[in-house]
There are 2 protein chains.
Amino acid sequence: MNVRVDHEDRRRQIAEALLRIADTQGLQSASMRAVAAEAGVSLRLVQYYFETKEGLLLDALERLGTQLQARMARWITEAGSPPTPRALVTAVLSSILPTDPESRRITRTYAAYYTLVLSDPALVEKHGTPQPDLLEGFLAKQIRAAQRSGEIDSGKDPEMTAAGLLTMVNGLGSSVLGRQRTGDAALAILTHHLDELFRTA
Amino acid sequence: MNVRVDHEDRRRQIAEALLRIADTQGLQSASMRAVAAEAGVSLRLVQYYFETKEGLLLDALERLGTQLQARMARWITEAGSPPTPRALVTAVLSSILPTDPESRRITRTYAAYYTLVLSDPALVEKHGTPQPDLLEGFLAKQIRAAQRSGEIDSGKDPEMTAAGLLTMVNGLGSSVLGRQRTGDAALAILTHHLDELFRTA
DNA sequence: CACGGCATGATACGGGTGTACCAGGAGGTC
DNA sequence: GACCTCCTGGTACACCCGTATCATGCCGTG
């Protein structure tokens, strides 16, 4: 039964068990033993494929990032072709909002990692998360394009507007996870602000 | 040395030790023993004044809420008398932003509690945190007042605008804590959006 | 066919966790 | 002065943690 197994498969199986626990019970419940049980393997196996727990956490975080990236890419392609700047901005922002099970899962898991990074900033540097800045730049670019075509008031500052939208979506997500607002209510707030931004001034 | 000591004093001493640890090392490092050492008392004392750890966590969270409330109140009184709606909105929002040591401490500690609440929603219900909704209502009220005096375009939806501002500030705070942005940069983004909102349309 | 390395299992170790138990000293009350 | 309640210290218990160790099976290669 022991044919040279595919390491990548095993690693994925275990890392996704970790992510599942982080989503449902939080990272503090994701002990090595719990991950092993969730993945249906022995504790030793988890140790074997990830020498240390930090390695497992980092690997899982990377996979989570890939999942979010894939989700955004999917939403972007669904924005039509060729996509208008407005469709792109809407797709990117609402793909982050926890409105459906997948995005709820991703957002919740990211939140679980968030406090971990706060108490140990060195962790994220070993992994490199350049995403947020890139996203902000992308949004700013789309806003500038919309300004050229007259969809957005040219008086707006693209960088500031992009940063405001992105942080707003981030905050909206937090409030949804904290059960202070439903996902639909958050989406309504986002679309309201997008409508306001894109109305011809 | 054992004169009937003031329970409230001791409880505050211990709870603030917990908050200090939560701020600097995260809540996961705030064990009963660590709190005892930080407060300079024995483990038994912590147990004596807070029967269980959950009790200690809840009590400390309540005190943290009081501290934030006091901070906001202070900023509001500094907004001048009588304060303009714009000054009030600015005071409330920027008092939440982690720009000085006190607000950084409060925000960081709240963030430490955030994931705790995510993995155990029942926790916050024993404590009752009606703050966010109240704040949103307060902001909406100020926005309406500013609309009546012509400072804000009357076409804006007060509730939506208030929710957008509050969640944006929340997200800005997260990005500052995550070292993605400095506190000053976050404040600049906030004031930019306030300037835009309050320019006569 | 033998051998060496990959893959897996069971278990042990040292340490940290929250909580419970037992003991005793100080102060006010009868 | 006796007593009782408040306050504090030390320590033990049972459990969970991440990691390390030892052993054993299977496989492909020589």
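Here is how names work: the chains are called A, B, and so on, in the same order as the sequence lines, proteins then strands, and each is numbered from 1. Nothing here was measured: the structure is a model prediction, and the numbers come from that model.
- Distance, A:L45 CG to D:dT19 P: 16 Å, rounded to whole Å.
- The residue among B:R33 and B:R44 whose nearest nucleotide of DNA chain D lies closer to the 5′ end is B:R44.
- More than 12 heavy atoms of other residues, nucleotides or ligands lie within 6.0 Å of NZ in B:K156, so this atom counts as buried by the packing criterion.
- Of the residues near DNA chain D, A:K53 and B:L43, the one whose nearest nucleotide (by heavy atom distance) lies more toward the 5' end is B:L43.
- Ion pairing of B:R144 with B:D157 is absent here, as no side-chain N (NZ or NE/NH1/NH2) approaches a carboxylate O to less than 4.0 Å.
- The side chain of B:Y49 contributes no N or O atom lying less than 4.0 Å from OP1 or OP2 of D:dC7.
- Of the side-chain N and O atoms in B:T52, one or more sit less than 4.0 angstrom from OP1 or OP2 of C:dT19.
- In terms of phosphate contacts, A:Y48 brings no side-chain nitrogen or oxygen within less than 4.0 Å of OP1 or OP2 of C:dT8.
- Between the CZ atom of A:R11 and the P atom of C:dA7 there is a distance of 12 Å, rounded to whole Å.
- Among the heavy atoms of the strands, none lies under 4.0 Å from B:E51.
- Put simply, B:S42 has no side-chain N or O that comes within less than 4.0 Å of OP1 or OP2 on D:dT8.
- The side chain to side chain donor-acceptor pair (under 3.5 Å) contacts involving residues 50-59 of chain A comprise A:R11-A:D59, A:E54-A:K126, A:D59-A:R63, where partners must be two or more places apart or lie in separate chains.
- Rounded to whole Å, atom P of C:dC6 lies 19 Å from atom CD of A:E8.
- One interatomic measurement links the two molecules: CD of B:Q47 to C1' of D:dC13, which rounds to 12 Å at whole-angstrom precision.
- Remark: P of D:dG18 and CD of B:Q28 are 13 Å apart, rounded to the nearest angstrom.
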Next item on the list: Could you walk me through whether B:Q67 and B:R105 pass side chain to side chain donor-acceptor pair (under 3.5 Å), step by step?
Entry: CA-CA 11 Å; B:Q67 291 176 10; B:R105 181 184 66 84; 2.7 Å; yes

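- Applying the 4.0 Å criterion to OP1 and OP2 of D:dC6, one finds that B:H7 has every side-chain N and O outside that range.
- The side chain of B:S31 contributes no N or O atom lying less than 4.0 Å from OP1 or OP2 of C:dG16.
- Counting to the nearest Å, the C1' atom of C:dA7 and the CZ atom of A:F50 are 15 Å from each other.
- Put simply, CD on A:Q13 is 14 Å from C1' on C:dA7, counting in whole angstrom units.
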What pairs of donor and acceptor atoms, side-chain ones from residues 73-85 of chain A against any protein atom, are under 3.5 angstrom apart with sequence neighbours left out?
| unit_1 | atom_1 | unit_2 | atom_2 | d |
| --- | --- | --- | --- | --- |
| A:R74 | NH2 | A:E102 | OE2 | 3.4 |
| A:T77 | OG1 | A:R74 | O | 2.7 |
| A:T84 | OG1 | A:A87 | N | 3.0 |

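- Following rounding to the nearest Å, A:L27 (CG) and D:dC17 (C1') show an atom-to-atom distance of 15 Å.
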